[in-house]
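Report on one structure; see the data block that follows.
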Amino acid sequence: MTSLDPTPALSRHLATHIAALNYAALPPKVEQMTRRALLDALGVMLGASGLAAEAQPFHALALASPGPARLLAGGTAAPEAAALANGALAHALDFGDVFDLGPAHPNAALVPAVLALADLVPVTYGALLTAMAAGSDLACRMSLAGARTFEEGGWYPPPLVGTIGAAAGCARLLDLDADGVVQAMGLAMLSVSFPAEIKYDGGGTMRAVREGFAAKAAVGAALLARSGARAFAEPLAGKGGFFAVYAGGVKADLLCDQLGTRFMGAEISFKPWPACRGTHAYIEAALALRAHCIVADIAAIHVETGLVQEMLVAPRADKIRPASAMAAKFSIPFCVALALVDGAVWLDSFGDDKRNDPALLDLAAKVVAERNPAWGHAEASSGSLTLILKDGTRLHQAVPHARGHAGNPLRDADLIAKFTDCAARAVVPLRAEAARALAHAVLESPADMPVEEVLRALG
């Protein structure tokens, strides 16, 4: 089934699996990782509600559409509007989970989308977790299944695959049949476009808020499909379907391999630092080496990079003097300087004061990238860093899998601490005790509990 040619019934095959999936079929590891993903996403969105000015217009627009779905920045709205507003928060801090094997943030659109529908159609916690597991698995699979990279066609893949995954998850939450899942995926395609200009426009805000469009499209598509609206019989592998348009064809074997037994959404990484995942190996290496040198003695910094990290080191002038917080989060030189000078990279690390700090900028200017031609996308969470001191001493640290990876995981305690700190920065802050109680509810509540009971502390 690996071909550039249309693959009839591929969408139906995937949709049949998704429509039939139930909570009892989720392996324990998948169920627990899905809970962790929900906790992480909720915390990041709460933090962004108080910190991300870029998302405020989306919240204001949502308030003009009355409805029952909660807005994490306060108030309620119609489900599509809530998905738009909460989705705009999901990636605004660049702190959400990531699928290191492919260009995907599988829960960034999915979580705000299913939450919006859970406020419309009361469901059990197990049903929500099942919908998330289905949607995140599909988004991750799609990120790997193009015949060519999405970027080669001029597209920005994370929200593209996230839209389809979220639409499928929403369809599962609404208990649609296989045809309904197919139509939800097709209808969602009609509502979004994510050109690669998102990552090239250094002064824009779309990189921060783009998931709002994906989440809104997913909710609207699932509701339309439930009402009988139809898009395409083969939205994914049709002659003009998703993979033909965005990726030059589909590797159907990758899309379907071990379907129902391997859930790729359980293979995500959680971020310990609020910056592009590609910077994390270098942050980790810098923090490790910091204990073995005096920053003032550093003469040069060499970083080994690959294809994925290219956008994090070039153009050089923009990376050593980033113009915005989001640009700084996508700069290996700046993030390395932060780690070496401050010994930490956190939510307060990217403001104007830091981006204009002479000590940080001088150190960032000492970073030189050395391209490893053998590295591809598989090394997205990898990196190595060498400090060259003024006396000629060389200090080297390689990080094969950055912290947060399945091979170097965060503990539940780490995620709870992250959630608690993010929730304290919400537009309506949660006290530490209340945040920890909510975190434990997300991680431990029984599957038959109504979602509204699990999330009661959100208001």
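None of these values were measured; they are calculated from a predicted model. Basis for what follows: all heavy atoms, side chains included, without hydrogens, waters or symmetry-related copies.
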Original post:
Taking all non-hydrogen atoms of both residues, which atom of Trp375 and which atom of Ser384 are closest, and how far apart?
Top reply: CH2-N, 4.4 Å

Original post:
Under the side chain to side chain contact (heavy atoms under 4.5 Å, CB included) criterion, do Ile388 and Ile298 qualify, and how do the steps go?
Top reply: CA-CA 6 Å; Ile388 303 172; Ile298 297 174; over 6 Å; no

**OP:** Mind running side-chain hydrogen bond (donor to acceptor under 3.5 Å, both in side chains) on His405 and Ser269 for me, showing each step along the way?
**Re:** CA-CA 5 Å; His405 185 273; Ser269 300; 5.0 Å; no

Subject >> Face-on cation placement of Lys418 at Phe95 ring, 6.0 Å and 45° thresholds >> reply: yes

Subject >> Any donor-acceptor pair under 3.5 Å from Thr393 side chain to Leu389 backbone >> reply: no

**OP:** Heavy atoms only: give me the nearest Ala344-Ser349 pair and the separation to one decimal.
**Re:** O-OG, 4.1 Å

**OP:** Report the distance from atom CG of Leu385 to atom CD of Glu370, rounding to the nearest 0.5 Å.
**Re:** 10.0 Å

Original post:
Hey, does the side chain of Arg290 reach the backbone of Val341 with a donor-acceptor pair shorter than 3.5 angstrom?
Top reply: yes

**OP:** Show the numbers, then the answer: is there a salt bridge (charged side-chain N to carboxylate O under 4.0 Å, His left out) between Arg262 and Glu267?
**Re:** CA-CA 9 Å; Arg262 179 186 180 187; Glu267 301 170 22; 2.8 Å; yes

Original post:
Is any side-chain N of the basic residue among Lys271 and Asp40 closer than 4.0 Å to the acidic one's carboxylate O?
Top reply: no

**OP:** Could you go through the side chain to side chain contact (heavy atoms under 4.5 Å, CB included) check for Tyr246 and Arg148 one step at a time?
**Re:** CA-CA 9 Å; Tyr246 296 118; Arg148 68 179 185 217; over 6 Å; no

Original post:
Shortest non-hydrogen contact from Leu63 to Thr76?
Top reply: CD2-O, 4.3 Å

Original post:
Hey, what do you get for CG (Leu236) to CG (Leu255), rounding to the nearest 0.5 Å?
Top reply: 7.0 Å

Original post:
At what distance, to the nearest 0.5 angstrom, does CD of Gln258 lie from CG of Asp253?
Top reply: 11.5 Å

**OP:** Please list, chain by chain and in numerical order, all residues satisfying side-chain contact (heavy atoms from CB on, under 4.5 Å) with Lys329, sequence neighbours excluded.
**Re:** Asp94, Pro274, Ala275, Met326, Phe350

**OP:** Apply side-chain hydrogen bond (donor to acceptor under 3.5 Å, both in side chains) to Glu31 and Thr34, showing your working.
**Re:** CA-CA 5 Å; Glu31 194 262 6; Thr34 306; over 6 Å; no

Original post:
Does any non-hydrogen side-chain atom of Met132 lie less than 4.5 Å from one of Asn107?
Top reply: yes

**OP:** Report yes if the side chains of Leu259 and Arg141 come closer than 4.5 Å at any heavy-atom pair, otherwise no.
**Re:** yes

Subject >> Whether Ser49 side chain and Ala73 backbone form a donor-acceptor pair below 3.5 Å >> reply: no

**OP:** Using the six-membered ring of Phe330, assess whether NZ or CZ of Arg207 lies under 6.0 Å from its centre and within 45 degrees of the ring axis.
**Re:** yes

Original post:
Side-chain contact, heavy-atom cut-off 4.5 Å: Leu455 with Arg70?
Top reply: yes

Original post:
Pairs in or reaching into residues 269-293: which pass ring pair (Phe, Tyr, Trp, His ring centres under 6.0 Å), with residues at least two apart or in two chains?
Top reply: Trp273-His280

Subject >> Set of side-chain contact (heavy atoms from CB on, under 4.5 Å) partners for Thr205, sequence neighbours left out >> reply: Glu54

Which donor-acceptor pairs under 3.5 Å do the side chains of residues 308-316 make with protein atoms, sequence neighbours left out?
| residue | atom | partner | partner atom | Å |
| --- | --- | --- | --- | --- |
| Gln309 | OE1 | Gly306 | N | 2.9 |
| Gln309 | NE2 | Glu379 | O | 3.1 |
| Gln309 | NE2 | Ser382 | O | 3.3 |
| Glu310 | OE1 | Arg371 | NH1 | 3.2 |
| Arg316 | NH1 | Val367 | O | 2.5 |
| Arg316 | NH2 | Ala365 | O | 2.6 |

Original post:
Of all heavy-atom pairs between Ala218 and Ala167, which one has the smallest distance, and what is that distance?
Top reply: CB-N, 3.4 Å

Original post:
Less than 4.0 Å between a side-chain N and a carboxylate O, is that true for Asp412 and Arg36?
Top reply: yes

**OP:** Looking only at non-hydrogen atoms, find the nearest pair between Gly278 and Ile332 and report the distance.
**Re:** O-CD1, 4.1 Å

Subject >> Steps toward salt bridge (charged side-chain N to carboxylate O under 4.0 Å, His left out) verdict (Asp414, Arg403) >> reply: CA-CA 11 Å; Asp414 298 321; Arg403 189 164 176 250; 3.6 Å; yes

Subject >> Side-chain donor or acceptor of Arg172 paired with backbone N/O of Ala131 under 3.5 Å >> reply: no

Original post:
Is the backbone of Lys29 close enough, under 3.5 Å, to the side chain of Gln32 for a donor and an acceptor to pair up by distance?
Top reply: no

Original post:
Between Cys335 and Ala328, what is the shortest heavy-atom contact and its length?
Top reply: SG-O, 3.6 Å

**OP:** Return yes if some donor-acceptor pair links the side-chain N/O of Tyr156 with the main-chain N/O of Ser193 below 3.5 Å, else return no.
**Re:** no

**OP:** Before giving the answer on salt bridge (charged side-chain N to carboxylate O under 4.0 Å, His left out), spell out for Asp362 and Lys366 the whole-Å C-alpha distance, their side-chain angles and the decisive distance to 0.1 Å.
**Re:** CA-CA 7 Å; Asp362 288 347; Lys366 295 180 180 181; over 6 Å; no

Original post:
Less than 4.5 Å apart, any side-chain heavy atom of Ile301 and any of Val368?
Top reply: no

Original post:
Side chains of Phe242 and Val250: closer than 4.5 Å at any heavy-atom pair?
Top reply: no

**OP:** Step by step, work out the side chain to side chain contact (heavy atoms under 4.5 Å, CB included) result for Arg411 and Ile416.
**Re:** CA-CA 9 Å; Arg411 303 166 301 160; Ile416 292 172; over 6 Å; no

**OP:** For side-chain hydrogen bond (donor to acceptor under 3.5 Å, both in side chains), just list the numbers for Glu211 and His91, CA-CA rounded to whole Å, side-chain angles, deciding distance to a tenth of an Å, and then say yes or no.
**Re:** CA-CA 7 Å; Glu211 305 294 345; His91 193 68; 5.1 Å; no

Subject >> Cys276 side, atom SG; Lys199 side, atom NZ - distance, nearest 0.5 Å >> reply: 10.0 Å

Original post:
By salt bridge (charged side-chain N to carboxylate O under 4.0 Å, His left out), which residues pair with Asp352, not counting sequence neighbours?
Top reply: Arg355

Original post:
Would you say Leu89 and Phe58 make side-chain contact, with heavy atoms under 4.5 Å?
Top reply: no

Subject >> Asn408 side chain to His401 backbone, donor-acceptor under 3.5 Å >> reply: yes

**OP:** Return yes if some donor-acceptor pair links the side-chain N/O of Asp137 with the main-chain N/O of Met264 below 3.5 Å, else return no.
**Re:** yes

**OP:** Examine distances only and state if a side-chain atom of Asn86 and a backbone atom of Leu71 form a donor-acceptor pair shorter than 3.5 Å.
**Re:** no

Original post:
Given side chains that start at C-beta, do those of Tyr125 and Leu38 come closer than 4.5 Å, heavy atoms only?
Top reply: yes

Original post:
With side chains defined as the heavy atoms from C-beta onward, is the minimum distance between Pro358 and Leu361 less than 4.5 Å?
Top reply: no

Original post:
Lys390 side chain to Ala296 main-chain N or O, any donor-acceptor pair under 3.5 Å?
Top reply: yes

Taking distance alone, no hydrogens or angles, what donor-acceptor pairs closer than 3.5 Å link side-chain atoms of residues 421-430 to residues at least two apart or in another chain?
| residue | atom | partner | partner atom | Å |
| --- | --- | --- | --- | --- |
| Asp421 | OD2 | Trp346 | NE1 | 2.5 |
| Asp421 | OD2 | Arg425 | NE | 3.4 |
| Arg425 | NH1 | Asp348 | OD1 | 2.9 |
| Arg425 | NH2 | Asp348 | OD2 | 3.3 |

